[in-house]
Every structure is written in structure tokens, then in C-alpha cells.
Peer 1: 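Pasting a structure here, questions to come.
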Amino acid sequence: MTLEEIHGQQPAPVGHDWMQGAGTALHELLVSAQRRGCLTAGVYESAKLMNVDPDNVAFCVLAADQEDEGDIALQIHFTLIQAFCCENDIDIVRVNDVSKLAAIVGPSEESGEPRDLHCILITNPNEEGWKDPALEKLNLFCEESRNVNDWVPTITLPE
């Protein structure tokens, strides 16, 4: 008997399909959150929001390209954001392709300038009954990842 059978749960899906499903769900969530005005982009903007209203943050995405891996300041920010998210029960994932995020999220609506997409927060909208199925899928994905000790899973966004 497996642990999943004892607790009445299905075993976590593994492999490429499960990862691809998480990438598609993240894409859907980003589009939906931006449309609803529930998306905060930027390391500093995200840190300010988490400091002021952590209970309103529903999900966190950290993104870095290969050239960002050597940026010590960015890695320190990531470590602090990850710690904050874990302490406040905020699900968090990593994405290794900032350009795909930029294609989904686009430039800043105010200035039209490219924005810092190294950290993106999804906040709870003012609408009480809003339940995003993509957010629920990602929450399940993060929970299953934690069950195998992957506390900040990496998601690949679809093409």
C-alpha cells in the first residue's frame, strides 16, 4: 500500500505532460490576472506589495534567464522572496525564460516600456467569488512538488 492510498489521494502525475500542463496553466493565469488588474511585475514593486499586504498575494513567479544566474543581487532578492513566500504560505514557481514571460505579459501599460519581469505576483482580486481554475491547477502542482521536496519548482512555458 502506498502513502497516497493510505491518505486517499492520487499519486502525483509525473513526466513531461504534467510539466506542460503546469506551463499552460501559468500562461492562462498570467493572462487572466493581467486582464483583471491582479498582476504586479518587478522585484521592487513585488517586495513593496508583499511588505504592505502579504495576505493579498495568491501566487509568485520568479524568472531568470541564463545570463541572470550570475547576478548575485538578483539571486539574493530571489532568496529573500522565496523565504517570504514560504513563511506566508504563498505558492511560488520559477521560470527560466523571461522573453516568453514578456511575450505573455507585454510592456507596462502606463509607459509602454519593457518592465522588470524577474518577479511577478498574482494578487487576489476585489471580487470575492473569483476562483481561477488555472490558479487551482498551479496550487495543486506546487503542493505535489513540495511532496517530493521540490519547494520552488521550475515551469516551462508553452511556445
Side-chain angles (χ1 to χ4, degrees), residues 13-54 56-125 130 132-146 148-159:
V14 293
H16 183 69
D17 291 341
W18 179 238
M19 290 297 293
Q20 194 167 18
T24 302
L26 180 58
H27 183 277
E28 292 169 5
L29 178 63
L30 291 169
V31 169
S32 174
Q34 185 165 9
R35 186 175 50 244
R36 293 182 181 275
C38 302
L39 187 138
T40 300
V43 172
Y44 296 110
E45 292 82 359
S46 297
K48 284 190 279 186
L49 177 65
M50 286 190 286
N51 187 41
V52 172
D53 193 9
N56 197 33
V57 178
F59 199 77
C60 179
V61 178
L62 296 178
D65 288 325
Q66 288 231 306
E67 61 267 6
D68 294 326
E69 295 300 323
D71 185 344
I72 300 301
L74 183 62
Q75 296 308 317
I76 291 170
H77 282 96
F78 280 4
T79 301
L80 293 171
I81 290 168
Q82 288 172 13
F84 185 88
C85 288
C86 288
E87 186 175 304
N88 288 282
D89 295 323
I90 299 168
D91 286 327
I92 182 170
V93 296
R94 288 190 74 134
V95 173
N96 290 331
D97 196 335
V98 178
S99 61
K100 282 185 185 177
L101 273 179
I104 296 168
V105 177
S108 173
E109 292 176 6
E110 298 86 42
S111 65
E113 301 271 328
R115 52 184 161 178
D116 174 16
L117 298 176
H118 290 106
C119 183
I120 297 175
L121 297 181
I122 308 300
T123 56
N124 291 317
W130 182 62
D132 192 310
L135 179 59
E136 292 174 15
K137 285 179 191 175
L138 286 167
N139 288 11
L140 178 61
F141 173 79
C142 288
E143 182 179 332
E144 294 295 336
S145 295
R146 284 190 299 273
V148 293
N149 289 325
D150 186 3
W151 294 92
V152 184
T154 300
I155 292 181
T156 302
L157 290 168
E159 295 297 323

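Nothing fancy with the numbering, it's 1 onward along the sequence.
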Peer 1: Just by distance, do the side chain of D53 and the backbone of L49 share a donor-acceptor pair under 3.5 Å?
Peer 2: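 Not confirmed, D53 side chain does not pair with L49 backbone.
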Peer 1: Under 4.5 Å between any side-chain heavy atoms of I122 and L30, yes or no?
Peer 2: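 Yes. Closest side-chain heavy atoms under 4.5 Å.
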Peer 1: What's the shortest heavy-atom distance between P54 and N88, and which atoms?
Peer 2: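 The answer is CB-OD1, 4.2 Å.
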Peer 1: Can you tell me how far the CD atom of E28 sits from the NZ atom of K137, to the nearest 0.5 Å?
Peer 2: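 Taking CD in E28 and NZ in K137, the distance rounds to 5.5 Å.
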Peer 1: Could you check if a side-chain atom of C60 sits within less than 4.5 angstrom of a side-chain atom of I81, using non-hydrogen atoms only?
Peer 2: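 Yes, at least one pair of side-chain atoms sits under 4.5 Å.
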Peer 1: Working to the nearest 0.5 Å, report the span between CG of N56 and CG of L121.
Peer 2: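 Atom-to-atom, N56:CG and L121:CG are 10.0 Å apart.
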Peer 1: Could you tell me if the side chain of Q82 sits less than 4.5 Å from the side chain of R94, heavy atoms only?
Peer 2: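 Yes, side chains in contact.
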Peer 1: Who pairs with Q66 by side-chain hydrogen bond (donor to acceptor under 3.5 Å, both in side chains), at least two apart in sequence or on another chain?
Peer 2: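 Q66 satisfies side-chain hydrogen bond (donor to acceptor under 3.5 Å, both in side chains) with no residue once adjacent residues are dropped.
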Peer 1: Looking only at non-hydrogen atoms, find the nearest pair between A64 and F78 and report the distance.
Peer 2: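 A64 and F78 have their closest heavy atoms at CB-CE2, 3.8 Å.
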Peer 1: Nearest 0.5 Å, please: how far is CZ in F141 from CG in N139?
Peer 2: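 One gets 11.5 Å once the value is rounded to the nearest 0.5 Å.
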Peer 1: Mind running side-chain contact (heavy atoms from CB on, under 4.5 Å) on V105 and L117 for me, showing each step along the way?
Peer 2: CA-CA 9 Å; V105 177; L117 298 176; 4.2 Å; yes
Peer 1: Looking at F84 and M50, what are the two nearest heavy atoms and their distance?
Peer 2: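 Result for this residue pair: CZ-O, 3.2 Å.
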Peer 1: Quick one: pull up CH2 in W151 and SG in C86 and give me the separation to the nearest 0.5 Å.
Peer 2: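 Spacing of CH2 (W151) from SG (C86) equals 7.0 Å.
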Peer 1: Determine which pairs satisfy salt bridge (charged side-chain N to carboxylate O under 4.0 Å, His left out) with at least one residue from residues 150-159, sequence neighbours left out, and list them in order.
Peer 2: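 The answer is K100-E159.
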Peer 1: Look up atom CG in N124 and atom CZ in R36, then write down how far apart they are to the nearest 0.5 Å.
Peer 2: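 Interatomic distance, N124 CG to R36 CZ, rounded to 0.5 Å: 11.5 Å.
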Peer 1: Checking the side chain of D91 only, and the main-chain atoms of F59 only, is there a donor and an acceptor separated by less than 3.5 Å?
Peer 2: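 Checked: no pair found.
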Peer 1: Apply side-chain contact (heavy atoms from CB on, under 4.5 Å) to D97 and L157, showing your working.
Peer 2: CA-CA 8 Å; D97 196 335; L157 290 168; 5.7 Å; no
Peer 1: At their closest point, which heavy atom of I104 faces which heavy atom of Q34, and how far apart are they?
Peer 2: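 For I104 and Q34, the tightest heavy-atom pair comes out as O-OE1, 3.9 Å.
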Peer 1: Show the numbers, then the answer: is there a side-chain contact (heavy atoms from CB on, under 4.5 Å) between L26 and V95?
Peer 2: CA-CA 10 Å; L26 180 58; V95 173; 3.6 Å; yes
Peer 1: Check for a donor-acceptor pair, side chain of D132 on one end and backbone N or O of A134 on the other, with a separation under 3.5 Å.
Peer 2: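 Checked: pair present.
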Peer 1: To check you understand the geometry: which heavy-atom pair defines the closest contact between A22 and L138, and what is its length?
Peer 2: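 Heavy-atom minimum between the residues: O-CD2, 3.5 Å.
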Peer 1: List the atom pairs, donor and acceptor, that lie under 3.5 Å between side-chain atoms in residues 68-75 and the rest of the protein, sequence neighbours left out.
Peer 2:
unit_1, atom_1, unit_2, atom_2, d
D68, OD2, D65, N, 3.0
D68, OD2, H118, NE2, 3.0
D71, OD1, A73, N, 3.2
D71, OD1, L74, N, 3.2
Q75, NE2, D68, O, 3.3

Peer 1: Rounded to the nearest 0.5 Å, what separates atom CD1 in I120 from atom OG in S46?
Peer 2: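 OG of S46 is found 8.0 Å from CD1 of I120.
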Peer 1: Are T154 and N96 side-chain neighbours, meaning at least one heavy-atom pair lies under 4.5 Å?
Peer 2: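 In short, these two side chains touch, coming nearer than 4.5 Å.
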